[in-house]
Protein chains: 2
Amino acid sequence: MAGRAGLTAQKLIQAGAEMADDLGFEQVTLSALARRFDVKVASLYSHLKNSEDLKVRLALLALDELANCAGEAIAGRSGKDALFALANAYRHYGQAHPGRFVAARYPLSDEIAAASSGVKLSRMLGALLRAYGLADAEQTHAIRFLGSVFLGYTTLESAGGFAHGDVAAQASWERTLAVLDLSLRHWPPSSAAV
Amino acid sequence: MAGRAGLTAQKLIQAGAEMADDLGFEQVTLSALARRFDVKVASLYSHLKNSEDLKVRLALLALDELANCAGEAIAGRSGKDALFALANAYRHYGQAHPGRFVAARYPLSDEIAAASSGVKLSRMLGALLRAYGLADAEQTHAIRFLGSVFLGYTTLESAGGFAHGDVAAQASWERTLAVLDLSLRHWPPSSAAV
DNA sequence: CAGAATATCCTAAAGGTATTAGGTTTTCAA
DNA sequence: TTGAAAACCTAATACCTTTAGGATATTCTG
């Protein structure tokens, strides 16, 4: 490798991730990144395709870190224990890395999403569900349900949705986890009405 | 009123909402809006404070429409019927107005959020919950849970999260509704573990 | 090791969006 | 009718993004 600043896509993404957590995902621009490395903006195009590419790679990084955290959390656990561990890992990642967490929700194309660690997360949920003994046909539904709750709750919480300071968010979270476990243990038959 | 184009904050917001549904929320810029009305960008500053103001007002419009839809849906219903009606209204609004739906998730400051129709939605959920006979202390938790599921599910669905085309999204939604009803009917006691 | 190939970084230029500071014209009301 | 207020404009500034093409350093190769 050559050059004077020793840039790398890796370094740029990493710096972008830190910048996202510090200043917010929307503040992570090519210009800001160039300033950070004391380099001209055009120079970044040797390492990144464009601005969109930067955001996508940040999303992929965040999804990967999230999947790793979740993976470590559920290691050696199963059933309710695994469910709670994964859920807590998910939530804690969002609290520790708010910018990356927003990045993880950046819309990806179908192909890119299919190759991302998002599918790892999805598979972990599937594996975790086996302990609950759901019918095969219900697996996908349950995975979607869990994903919805995790995404929705953490989004609301990180956006200050219910940070009124009054009722403890921690208590709501615990109730949410209990409800998830209860739902999976009593998963409804496919006769549900609209 | 004077001028030649007869602009109004109202008209601008309305046009912005339509533009959001047609082209995407992120495409709704002051420039695009000015082009639409064949007016110079600077002219918009007579009606809107700035770009942020536009987005906030679009968010408020969307939240208001959403609350109205939900309100109509639950009129004359209660319990499970009301829950399903509200949930379906929420989801259908998102499908009919994808751009506005994204706008509704635009982060608002605490004061603005407190004055938005988001609180109406929240109160509707609370009213709906009464039929389930939850303890007072559990109301807030349950509202947050429902809000999380609605937000999470519709976000994932509208983002193509599980639009793989294979497993029907409608079936997952029905299962989700059934699970919500079940959860509220068997709401766990406050002894939930972490 | 010399020269070629390549990757890195730069300057320059163009195009888009946002914002502010002024003017000019239109409308409305006293 | 005339003057204030509102609507709209020109002009200028400031970012951010992207492409084109040039210069320099590194690395590969013979």
Side-chain angles (χ1 to χ4, degrees), chain A residues 1-61 99-100 102-103 106-109 112, chain B residues 1-61 99-100 102-103 106-109 112:
Chain A
M1 298 76 194
R4 200 154 73 244
L7 290 189
T8 294
Q10 274 289 325
K11 289 185 189 174
L12 287 171
I13 304 302
Q14 190 59 38
E18 290 163 13
M19 198 178 296
D21 287 337
D22 290 345
L23 312 171
F25 180 59
E26 57 293 329
Q27 303 302 320
V28 183
T29 65
L30 293 179
S31 296
L33 220 42
R35 273 194 297 275
R36 170 118 159 196
F37 285 96
D38 203 27
V39 149
K40 297 300 173 183
V41 189
S43 305
L44 301 186
Y45 283 81
S46 298
H47 309 278
L48 301 171
K49 200 157 153 283
N50 51 31
S51 180
E52 168 78 6
D53 186 36
L54 169 63
K55 292 172 194 162
V56 169
R57 294 215 209 185
L58 285 173
L60 293 176
L61 171 69
R100 287 164 159 95
V102 171
Y106 188 78
L108 301 175
S109 71
I112 294 181
Chain B
M1 297 77 191
R4 203 154 70 243
L7 289 189
T8 295
Q10 275 290 322
K11 288 184 189 174
L12 288 171
I13 305 303
Q14 190 58 39
E18 290 163 14
M19 198 178 296
D21 287 337
D22 290 345
L23 312 171
F25 180 59
E26 56 294 331
Q27 303 302 318
V28 183
T29 65
L30 293 180
S31 297
L33 220 42
R35 273 194 298 276
R36 170 118 160 195
F37 284 97
D38 203 27
V39 149
K40 298 298 173 183
V41 189
S43 306
L44 301 185
Y45 283 81
S46 298
H47 309 279
L48 301 171
K49 201 157 153 281
N50 51 31
S51 179
E52 168 78 6
D53 186 36
L54 169 64
K55 292 172 195 162
V56 169
R57 295 214 210 185
L58 284 173
L60 292 177
L61 170 69
R100 288 163 157 96
V102 172
Y106 188 78
L108 302 175
S109 72
I112 294 181

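All figures in this text were calculated on a predicted structure; none of them were measured in a lab.
Listed nucleotides dC16(D), dT19(D), dT11(C) differ in distance to Y45(A); the shortest reach to its side chain belongs to dT19(D). Checking dT17(C), dT20(C), dT11(C) against every side-chain atom of T29(B), the shortest atom distance belongs to dT17(C). The nucleotide whose nearest atom lies closest to any side-chain atom of S46(B) is, among dT19(D), dC8(D), dT20(C), dC8(D).
Counting non-hydrogen atoms under 4.0 angstrom, V41(A) reaches a base of the nucleic acid.
The interatomic distance linking L54(A) (CG) with dC16(D) (P) rounds to 13 Å, in whole Å. Taking atom CD of residue Q27(B) and atom C1' of nucleotide dG16(C), one finds them 12 Å apart after rounding to whole Å. Per the geometry, CD belonging to E52(A) stands 14 Å off C1' belonging to dT18(D), to the nearest Å. When rounded to the nearest whole Å, the span between CD of Q10(B) and P of dA7(D) equals 14 Å. The interatomic distance linking L7(B) (CG) with dC8(D) (P) rounds to 4 Å, in whole Å. In this structure, E26(A) atom CD and dC15(D) atom P are separated by 18 Å, rounded to whole Å. Rounded to whole Å, the distance from CG on N50(B) to C1' on dA14(D) is 16 Å. Distance, K40(A) NZ to dA20(D) C1': 18 Å, rounded to whole Å.
When atom types are taken as modelled, the side chain of T8(B) and the backbone of K11(B) share no donor-acceptor pair closer than 3.5 angstrom.
The environment of CD in E26(B) is crowded: more than 12 heavy-atom neighbours from other residues, nucleotides or ligands sit within 6.0 Å. Counting non-hydrogen atoms of other residues, nucleotides and ligands closer than 6.0 Å to CD of Q27(B) gives a total above 12.
Remark: S43(A) is in phosphate contact with dC10(C), judged by side-chain N or O atoms under 4.0 Å from OP1 or OP2. When the side-chain nitrogen and oxygen atoms of H47(B) are compared with OP1 and OP2 of dC8(D), one or more of them lie within a distance under 4.0 Å. Taking only side-chain nitrogens and oxygens, S51(A) comes nearer than 4.0 Å to OP1 or OP2 of dT17(D). For the OP1/OP2 pair of dG16(C) and a distance below 4.0 Å, the side-chain nitrogens and oxygens of R35(B) include no atom meeting the criterion.
N50(A) approaches Y45(A) most closely through the heavy-atom pair CA-CE2, 3.9 Å. Scanning both residues, V39(B) and L7(B), for their nearest heavy atoms gives CG1-CD1, 4.2 Å.
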